[in-house]
Amino acid sequence: MFNQIKAEYLKLRFSRLFKAIPLLFCAGLVLYMVFSISKGGTQIFVSEGDEETNTSLQGIIGFFAFTFNNAETPDIKEIIQSCMSCNVFLWIIILIFTIQFFTYDYLSGTIKLPVAYGISRIKLYLAKMVITTLYSAVCYFLFSVTTFCLTCFSTGFIPGRNDIRQYSGYIALSFLVMFSYILLCMLVCIFVKNTAVIATTMCIFTLGGAIIYTGIWQNFHSHIILKYLVWLDPLYYWMNLGTLRLEYGLVQEIAAYSAFGIFILLPVSLLFARNQEFR
């Protein structure tokens, strides 16, 4: 198993994805910085709030700074909210990476080689899952640390040990959502080998779930069918993490979502991967 994981890592290491995914995270960081520019107390790209508020925010990080009640003395929750708001775009990078990395061997036909040498389909799936998850986690961790440092530097906030621990908790919750989303994408990839179809399907599902949630959030729990569709959508959790709505049972829902990924999505994927035929 270790040798197969190493083989999958080497495939990633010498592929374009190894550099492309960090570049996508860097693009997200650039967007974070761009929307942080303010001039003359007014947002260059996004303007929000009254003139007095805009003036008080002059010179600080701008778009995300509107989460601060006092721009001169922000607290850790406002810093975290500024950083976590970027997670609503995380699914795009994860979707691209998972689809491209998982389906490459199937589309090129090289998936037949390890099978011909007696390596089980389950080991192939698990190795790809491990590498996809670990590489996504490393890139996301570096991105999260960078945005946190940037926000703290921009506002002059000096985080303490408890502040860092609190932010790490939010990052861990976000990672649990990301892991289940990776498993969901890989399950779809098992059934569909056309990358364009997979991407279109997952984009419609992900964005559709977010749109449904924003439309029914006031009476969310009264919708018997729609709420379960939304619960499968990672944006439901990332949107709520971005507004720090932990007091409404979000932690328990994320735990249930990760358990769904581990105990439902993973076994189902292994079952179909074991019986999969290669053309």
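Quick caveat: nothing in here was measured; it's all calculated off a predicted structure.
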Legend entry - Taking every non-hydrogen atom, the tightest pair across Gly242 and Gln81: O-CG, 3.0 Å
Legend entry - Contacts of type side chain to side chain contact (heavy atoms under 4.5 Å, CB included), residue Ser222, not counting sequence neighbours: Asn219
Inset, instruction - Working to the nearest 0.5 Å, report the span between CG of Leu266 and CG of Leu271. - result: 11.5 Å
Legend entry - Interatomic distance, Ile21 atom CD1 to Cys139 atom SG [nearest 0.5 angstrom]: 7.0 Å
Legend entry - Residue pair Leu246, Leu173: steps toward the side-chain contact (heavy atoms from CB on, under 4.5 Å) verdict: CA-CA 10 Å; Leu246 299 186; Leu173 290 173; 4.1 Å; yes
Inset, instruction - Would you please name every residue forming a side chain to side chain contact (heavy atoms under 4.5 Å, CB included) with Ala127, sequence neighbours left out? - result: Met1, Gln4, Ile5, Glu8
Inset, instruction - Look at atom CZ of Phe141 and say whether more than 12 heavy atoms of other residues, nucleotides or ligands are closer to it than 6.0 Å. - result: no
Legend entry - Close side-chain approach of Phe18 to Lys11, heavy-atom, < 4.5 Å: no
Legend entry - Donor-acceptor contact present, side-chain Asp233 to main-chain Val230, <3.5 Å: no
Inset, instruction - Any chance you could measure Glu78, atom CD, to Leu244, atom CG, to the nearest 0.5 Å? - result: 9.5 Å
Legend entry - Rounded distance [0.5 Å steps], CE in Met178 versus CG in Leu183: 11.0 Å
Inset, instruction - Would you check if Val130 and Leu134 make a side-chain contact, meaning some heavy-atom pair closer than 4.5 Å? - result: yes
Inset, instruction - Looking only at non-hydrogen atoms, find the nearest pair between Leu29 and Phe143 and report the distance. - result: N-CE1, 3.6 Å
Inset, instruction - Could you tell me whether a side-chain N or O of Ser180 sits under 3.5 Å from a main-chain N or O of Tyr257, the two making a donor and an acceptor? - result: yes
Legend entry - Joint cluster assignment, Leu23 & Leu150, ILVMFWY side-chain distance < 4.5 Å: no
Inset, instruction - Could you tell me how the ring of Phe25 sits relative to the ring of Tyr140: parallel (under 30°), tilted (30 to 60°) or perpendicular (over 60°)? - result: tilted
Legend entry - Non-hydrogen side-chain atoms of Ser136 and Thr132 separated by less than 4.5 Å: yes
Inset, instruction - Check whether Tyr213 and Val251 end up in the same hydrophobic cluster, where Ile, Leu, Val, Met, Phe, Trp and Tyr are linked by side-chain heavy atoms less than 4.5 Å apart. - result: yes
Legend entry - Lys6, NZ: over 12 other non-hydrogen atoms inside 6.0 angstrom: no
Legend entry - Nearest-0.5 Å distance that lies between atom CG in Asp75 and atom CG in Asp163: 9.0 Å
Inset, instruction - Determine yes or no for a side-chain-to-main-chain donor-acceptor pair under 3.5 angstrom, with Thr147 supplying the side chain and Ser144 the backbone. - result: yes
Inset, instruction - Give a yes or no on whether the backbone of Tyr106 and the side-chain of Thr103 come within a donor-acceptor separation of less than 3.5 Å. - result: no
Legend entry - Side-chain touch Gln166/Lys77, heavy atoms, less than 4.5 angstrom: yes
Legend entry - Joint hydrophobic cluster, Leu142 plus Ile94, side-chain heavy atoms closer than 4.5 Å: no
Legend entry - Backbone N/O of Leu250 and side chain of Tyr237: donor-acceptor pair under 3.5 Å: no
Inset, instruction - For residues Met239 and Ala210, report the shortest heavy-atom separation together with the two atoms involved. - result: SD-CB, 4.0 Å
Legend entry - Under 3.5 Å donor-acceptor, Ser15 side chain and Leu12 backbone: yes
Inset, instruction - Can you measure from OG (Ser258) to CZ (Phe263) and round to the nearest 0.5 angstrom? - result: 8.5 Å
Legend entry - Joint cluster assignment, Ile96 & Leu184, ILVMFWY side-chain distance < 4.5 Å: yes
Legend entry - Any donor-acceptor pair under 3.5 Å from Thr214 side chain to Ile211 backbone: yes
Inset, instruction - Report yes if some heavy atom in the side chain of Leu270 is under 4.5 Å from a heavy atom in the side chain of Leu126; otherwise report no. - result: yes
Legend entry - Phe157-Phe153 aromatic ring centre distance below 6.0 Å: no
Inset, instruction - Take Leu235 and Trp238 through the side-chain contact (heavy atoms from CB on, under 4.5 Å) test and state the conclusion after the steps. - result: CA-CA 5 Å; Leu235 280 183; Trp238 284 327; 4.2 Å; yes
Inset, instruction - For atom NZ of Lys123, decide whether the heavy atoms of other residues, nucleotides or ligands shown that lie under 6.0 angstrom number more than 12. - result: no
Inset, instruction - Give me the ring orientation class for Trp231 and Tyr228: parallel if the planes are under 30° apart, tilted from 30 to 60°, perpendicular past 60°. - result: perpendicular
Inset, instruction - Answer yes or no: is there a donor N or O on one side and an acceptor on the other, between the side chain of Thr243 and the main chain of Asn240, under 3.5 Å? - result: yes
Legend entry - Sub-6.0 Å ring centroid separation between Tyr135 and Phe101: no
Inset, instruction - Answer yes or no: is there a side-chain heavy-atom contact under 4.5 Å between Ser269 and Ile190? - result: yes
Legend entry - Same apolar cluster: Ile262 and Leu232, side chain cutoff 4.5 Å: yes
Legend entry - Donor-acceptor side-chain pairing of Asn162 and Tyr167 below 3.5 angstrom: no
Inset, instruction - Provide the closest heavy-atom pair for Leu107 versus Lys193 in the form atom of the first, atom of the second, distance. - result: CD2-O, 3.1 Å
Please set out all donor-acceptor pairs under 3.5 angstrom arising from side-chain atoms of residues 196-208, sequence neighbours excluded.
unit_1: Thr200; atom_1: OG1; unit_2: Ala196; atom_2: O; d: 2.8
unit_1: Thr201; atom_1: OG1; unit_2: Val197; atom_2: O; d: 2.8
unit_1: Thr206; atom_1: OG1; unit_2: Tyr181; atom_2: OH; d: 3.0
unit_1: Thr206; atom_1: OG1; unit_2: Met202; atom_2: O; d: 2.7

Legend entry - Tyr125/Met186 under side-chain contact (heavy atoms from CB on, under 4.5 Å): CA gap, chis, key distance, verdict: CA-CA 9 Å; Tyr125 173 88; Met186 293 182 68; 3.6 Å; yes
Legend entry - Side-chain heavy atoms of Ile164 within contact of Ser168, under 4.5 Å: yes
Legend entry - Steps toward side-chain contact (heavy atoms from CB on, under 4.5 Å) verdict (Thr133, Phe175): CA-CA 9 Å; Thr133 303; Phe175 172 74; 3.7 Å; yes
Legend entry - Close side-chain approach of Ile99 and Cys189, heavy atoms under 4.5 Å: yes
